[in-house]
Amino acid sequence: MKTLVIYYSFSGKTRGEAKRRAEKYDGELCEIFEAKKRNIITAFIPGCTQAMKRKVPVIRRPGADIGGYDRIYIGAPVWAGFPAPAFNAMVNLLPSGKEVGVFLTSGGGDSSKSAEGTKQMIEQRGCTLIEYIDVITEPNKS
Ligand SMILES: Cc1cc2nc3c(=O)[nH]c(=O)nc-3n(C[C@H](O)[C@H](O)[C@H](O)COP(=O)(O)O)c2cc1C
């Protein structure tokens with residue numbers, strides 16, 4: 001079973017989680033970057049609105065051939081209760097027929113208000129969702 005862990009990270013926490021998962025599943029890592037780099041201001045405005053509207057940003061071409069993997073884990077931070085916009089671009093890269101796991105990192109909150117829609121996005125790609133988890137990175141803040 002060839003496994004890929006593909007992720008977007010704004011400030012490094014999702015990257016750390018992605019690395020742990022790649023080790024755990026003996027998978028390969030692929031970081032995704034938005035074509036237009038964000039700073040802390042553009043992450044919040046307009047980033048949060050874009051996340052809530054499930055906007056798809058332009059991303060740089062991934063350094064991995066996603067079609068060559070059987071199982072793909074997608075990771076991103078939660079922004080305003082939704083996966084950060086780059087998540088939507090990663091979902092659009094999914095070929096049908098893959099097994100897909102989702103891990104979303106968040107501060108004190110989680111992704112519960114967007115979870116159903118996110119799961120549907122994976123299924124609409126013709127993929128099987130095998131895992132969906134929230135990873136709380138700053139539990140003391142809730
Ligand atoms: C623009 C922005 C919006 C955020 N919105 C939320 C949120 O709604 N709920 C939450 O628990 N954490 C929120 N956070 C915190 C991040 O989701 C959390 O720190 C995450 O682990 C960061 O991952 P990263 O370092 O890979 O970017 C937000 C952070 C940013 C920058």
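Every number for a ligand or one of its atoms is a count from 1 in the order of the listing.
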| ligand 1 contact on Ala80 by region, counting heavy-atom pairs under 4.0 Å | backbone
| task | Identify the two heavy atoms, one from Pro62 and one from Cys30, that lie closest to each other, and give their separation to 0.1 Å. | result | CB-SG, 3.9 Å
| said: More than 12 heavy atoms of other residues, nucleotides or ligands under 6.0 Å from NZ of Lys53: yes or no? | reply: no
| query | Should you measure from each heavy atom of Phe10, which atoms of ligand 1 turn up under 4.0 Å away? | reply | 24 (P), 26 (O), 27 (O)
| query | In ligand 1, which numbered atoms sit nearer than 4.0 Å to a non-hydrogen atom of Gly108? | reply | 11 (O)
| message | I need the contact type for Thr105 against ligand 1. Using non-hydrogen atoms and a strict under-4.0 Å cut-off, is it side chain, backbone, both or neither? | response | both
| said: With a heavy-atom distance limit of 4.0 Å, tell me whether Ala84 approaches ligand 1 through its side chain, its backbone, both, or neither. | reply: neither
| message | By the definition side-chain contact (heavy atoms from CB on, under 4.5 Å), identify the one residue from Glu99, Met1, Glu28 that meets it with Tyr69. | response | Glu28
| field | Which of the ligand 1 atoms, numbered from 1, are nearer than 4.0 Å to a heavy atom of Cys48 | value | 1 (C), 3 (C)
| request: To the nearest 0.5 angstrom, please state how far the NZ atom of Lys98 sits from the CD1 atom of Ile122. | output: 14.0 Å
| task | Ignoring hydrogens, just give me the one of Ala51, Gly107, Gly16, Pro46 whose non-hydrogen atom is nearest atom 15 (C) of ligand 1. | result | Gly107
| message | Minimum heavy-atom separation for Leu93 and Arg125, please, with both atom names. | response | C-NH2, 4.4 Å
| query | Within the side chain of Lys13, is there an N or O that forms a donor-acceptor pair under 3.5 Å with the backbone of Ser106? | reply | no
| query | Looking only at N/O atoms, are Thr14 and ligand 1 under 3.5 Å apart anywhere? | reply | yes
| request: Starting from atom 25 (O) of ligand 1, locate the nearest protein heavy atom and write down its residue, its atom name and how far away it is, to 0.1 Å. | output: Ser11 OG, 2.5 Å
| query | Think Arg38 forms a cation-pi with Phe10, using NZ or CZ under 6.0 Å from the six-ring centre and within 45 degrees of its axis? | reply | no
| field | ligand 1 to Gly109 polar contact by distance, N or O atoms, under 3.5 Å | value | yes
| Short N/O distance, under 3.5 Å, between Tyr8 and ligand 1? | no
| request: Answer yes or no: is there a donor N or O on one side and an acceptor on the other, between the side chain of Thr118 and the main chain of Ser114, under 3.5 Å? | output: yes
| task | Identify, for atom 2 (C) of ligand 1, the protein heavy atom at the shortest distance, and state residue, atom and that distance. | result | Trp79 CD1, 3.4 Å
| request: Please report which non-hydrogen protein atom sits nearest to atom 19 (O) of ligand 1, along with the residue it belongs to and the distance in Å to one decimal place. | output: Glu138 OE2, 2.7 Å
| query | Would you say Phe44 and ligand 1 have an N/O pair spaced under 3.5 Å apart? | reply | no
| Among protein heavy atoms, which sits nearest to atom 28 (C) of ligand 1, and what does the distance come to when rounded to 0.1 Å? | Val78 O, 3.5 Å
| said: Would Gly81 count as a contact residue for ligand 1, given that I'm defining contact as a non-hydrogen atom of the residue lying under 4.0 Å from a ligand atom? | reply: yes
| field | Option passing side-chain hydrogen bond (donor to acceptor under 3.5 Å, both in side chains) with Thr105 (candidates Asp134, Asp110, Thr137, Thr14) | value | Thr14
| query | Using a distance-only test with no angle check, is there a side-chain donor-acceptor pair under 3.5 angstrom linking Glu31 and Tyr8? | reply | no
| task | Kindly compute the distance separating CD (Glu131) from CD1 (Ile74), expressed to the nearest 0.5 Å. | result | 12.0 Å
| task | Ignoring angles and geometry beyond distance, decide whether Lys13 reaches within less than 3.5 Å of ligand 1 through its nitrogen or oxygen atoms. | result | yes
